[in-house]
Structure formats: structure tokens, C-alpha cells
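This report concerns only the one structure given below.
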Amino acid sequence: MRAPLSVIIPTLNAEAALASCLQALMEGVDAGLIRELIVSDGESTDATGATAQAWGAEVLLGTPSRGGQLKCGCAAAQGEWLLVLHADTVLAAGWAKEVQAHLGSTQPAYFQLAFEGGGIPARLVAGWANLRSRLLGLPYGDQGLLIPSTLYHAAGGYLDQPLMEDVAIARALRGRLKGLPVTAITSAE
């Protein structure tokens, strides 16, 4: 049986942050969860593509538009489940066990947001984002998205837009999203 997850990461000059994101994903490789890693790059001028390839990722090139990049990456994905992460997001240790347990459902999910650095203002923003997700079912892209590929397509997928693509897909999935007890640690920048 093939591994169930396709990981899709949109990038634009993400060389500095990408290795930490990918390192955290190795837990999923070791657990037999990750089928493929797709980096959808928006014309980076740094070594983002080379970094991604060094980690074994398939790199897709396109114009910079996070929604368009995610749409392209998800279209290329072959896994039963899509795991969408930002390049500056690191899943906390233990994520693979929680995701493995969740794969028995058909429900899309998101992670709990925390920021690396940023002090009290960042903690307040993360607290608000987690509360908003729980009460309104509208997580941000920084929280990651785990979604069955069939549901992704049925919901219309990511829209080709430069910003707020995360809100658009969360609205399409509203009422179905579940918060997983795993922290997604994202750069406060």
C-alpha cells in the first residue's frame, strides 16, 4: 500500500526557512505516511528550488501567487490526503502519530498555531487564530491543512489568488474542519 500523504508547500525565496519545515516532515517519512513532497515555487531568486530538491521534493515552477501555486501543487499530488504547509511552518514532534490516527476519518483538519518569536503580540495573534478556528471553523494557512484529496476537489480547491486563499478554502470546508492536537510553529515574520 502506498503512503497516503502528498505534502504541498508553496514557496517564494524560502531557502532560509524551508530546511526546518522539511526536517520536521521526516517524522512522517519514517512513519510511512508521506508519499511525495511537492514544492510549488513562485520564481524564487534564491536557492529554494535546490534546497527542496536536495530533500527529495518535486519542484513545480510558476508565477508568484500563493493560491495559484497551491492549486498547481495540489493538481499534481497523487496521495489520498493532501497536507498543505507554508515553508516557514514546522510541525511539532509527535505530529505523525496524530495525523495517522486522524486518517481513519474523512474529515479535513488543521493544526494549532504558535509563532516562533514575536513575544506577547505573536502569542495574542496565535491565540486569536486558534480561537477563531475553533469557533468559526476558519483556520489560517499558517496552521496547515490536512484534507482528503476527494474532498479538496469537491470543495473546488484553492483559488488562483495571491492572498487569502486559505480563508477561501476554509470557507468552502466550513463546518467540517477539525483541530488536531499538534502545534504548527510558524515564523513570526
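- The distance from the NZ atom of Lys71 to the CD1 atom of Ile169 is 11.0 Å, given to the nearest 0.5 Å.
- Note that CG of Asp88 is 11.5 Å distant from OG1 of Thr11, once rounded to the nearest 0.5 Å.
- When the options Ile147, Leu151, Ile38 are evaluated for a side chain to side chain contact (heavy atoms under 4.5 Å, CB included) with Leu82, the one that passes is Ile147.
- Side chains of Thr89 and Asp142: no donor on one and acceptor on the other come within 3.5 Å.
- Between the side chain of Ser149 and the backbone N or O of Glu80 there is at least one donor-acceptor pair closer than 3.5 Å.
- No side-chain heavy atom of Leu61 sits less than 4.5 Å from a side-chain heavy atom of Glu43.
- Here the closest non-hydrogen pair linking Thr183 and Ala114 is CG2-CB, 3.5 Å.
- Atom CG of Leu131 is surrounded by more than 12 heavy atoms from other residues, nucleotides or ligands within 6.0 Å.
- With rounding to the nearest 0.5 angstrom, the CG atom of Leu12 is 6.5 Å from the CD atom of Gln69.
- Taking CD from Glu58 and CG from Leu37, the interatomic distance works out to 9.5 Å, rounded to the nearest 0.5 Å.
- Judged by distance alone, the side chain of Trp95 and the main-chain N or O of Ala24 form a donor-acceptor pair under 3.5 Å.
- Among Ile34, Asp30, Val90, the single residue meeting the side chain to side chain contact (heavy atoms under 4.5 Å, CB included) criterion with Leu25 is Ile34.
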**Request:** Please assess Leu70 against Ile8 for the test side-chain contact (heavy atoms from CB on, under 4.5 Å), listing each intermediate value before the final yes or no.
**Result:** CA-CA 7 Å; Leu70 286 169; Ile8 299 96; 4.0 Å; yes
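- Between Gln143 and Ser133, the side chains place a donor N or O and an acceptor N or O closer than 3.5 Å (distance only, hydrogens not considered).
- Separating the OH atom in Tyr140 from the OG1 atom in Thr186 is a distance of 13.0 Å, to the nearest 0.5 Å.
- Between Ser40 and Cys72, the shortest heavy-atom distance links the atoms OG-CB, 4.1 Å.
- Using modelled atom types and a 3.5 Å distance limit, the side chains of Glu36 and Ser6 yield a donor-acceptor pair.
- Here the closest non-hydrogen pair linking Ala3 and Gly32 is CB-O, 3.3 Å.
- Using a 4.5 Å cut-off between side-chain heavy atoms of Ile, Leu, Val, Met, Phe, Trp and Tyr, with links allowed through other members, Val7 and Met26 fall into the same hydrophobic cluster.
- Under a 3.5 Å cut-off, the side chain of Asn130 and the backbone N or O of Leu113 do form a donor-acceptor pair.
- Side-chain contact check for Phe111 versus Val99: some heavy-atom pair is nearer than 4.5 Å.
- Distance alone, capped at 3.5 Å, is enough to place a donor-acceptor pair between the Arg174 side chain and the Leu136 backbone.
- Leu177 has its side chain within reach of Leu145: a pair of non-hydrogen atoms, C-beta onward, lies under 4.5 Å apart.
- Note on Val182 and Leu33: same hydrophobic cluster, where clusters join Ile, Leu, Val, Met, Phe, Trp and Tyr whose side-chain heavy atoms are under 4.5 Å apart, directly or indirectly.
- A side chain to side chain contact (heavy atoms under 4.5 Å, CB included) with Thr51 is found for exactly one of Leu18, Val59, Asp46, namely Leu18.
- By the neighbour-count criterion of 12 heavy atoms within 6.0 Å, atom CD of Glu116 is sparsely surrounded, having that number or fewer from other residues, nucleotides or ligands.
- Closest heavy-atom contact between Gln23 and Trp55: OE1-CH2, 3.1 Å.
- Judged by distance alone, the side chain of Gln107 and the main-chain N or O of Arg176 form a donor-acceptor pair under 3.5 Å.
- By the rule that hydrophobic residues join a cluster once side-chain heavy atoms approach within less than 4.5 Å of another member, Leu173 and Met164 end up as members of separate clusters.
- The backbone N or O of Ser44 lies less than 3.5 Å from no partner atom in the side chain of Asn13, so there is not a single donor-acceptor pair.
- Side-chain atoms of Asp166 come within 3.5 Å of backbone N or O of Gly141 as a donor-acceptor pair.
- Ring-plane geometry between Trp81 and His102 is classed as perpendicular, the angle between the planes exceeding 60 degrees on a 0 to 90 degree scale with a lower cut at 30.
- Linking Ile, Leu, Val, Met, Phe, Trp and Tyr whenever their side-chain heavy atoms come within less than 4.5 Å puts Leu180 and Leu85 in one cluster.
- A 4.5 Å side-chain heavy-atom check between Leu5 and Leu146 finds at least one atom pair inside the cut-off.
- A donor-acceptor distance shorter than 3.5 angstrom exists from the side chain of Thr48 to the backbone of Glu15, with no hydrogens or angles considered.
- For Glu27 (side chain) and Ala96 (main-chain N/O), a donor-acceptor pair under 3.5 Å exists by modelled atom type.
- Listed here is the closest heavy atom pair of Gln161 and Ala168: NE2-CB, 4.2 Å.
- Annotation: cation-pi pair Arg66/Tyr158 absent, no NZ/CZ under 6.0 Å from the ring centroid and within 45° of its normal.
- Here SG of Cys21 is found 4.0 Å from CD1 of Ile9. Values are rounded to the nearest 0.5 Å.
- Here the side chain of Glu98 pairs no donor or acceptor atom with the backbone of Pro181 at under 3.5 angstrom.
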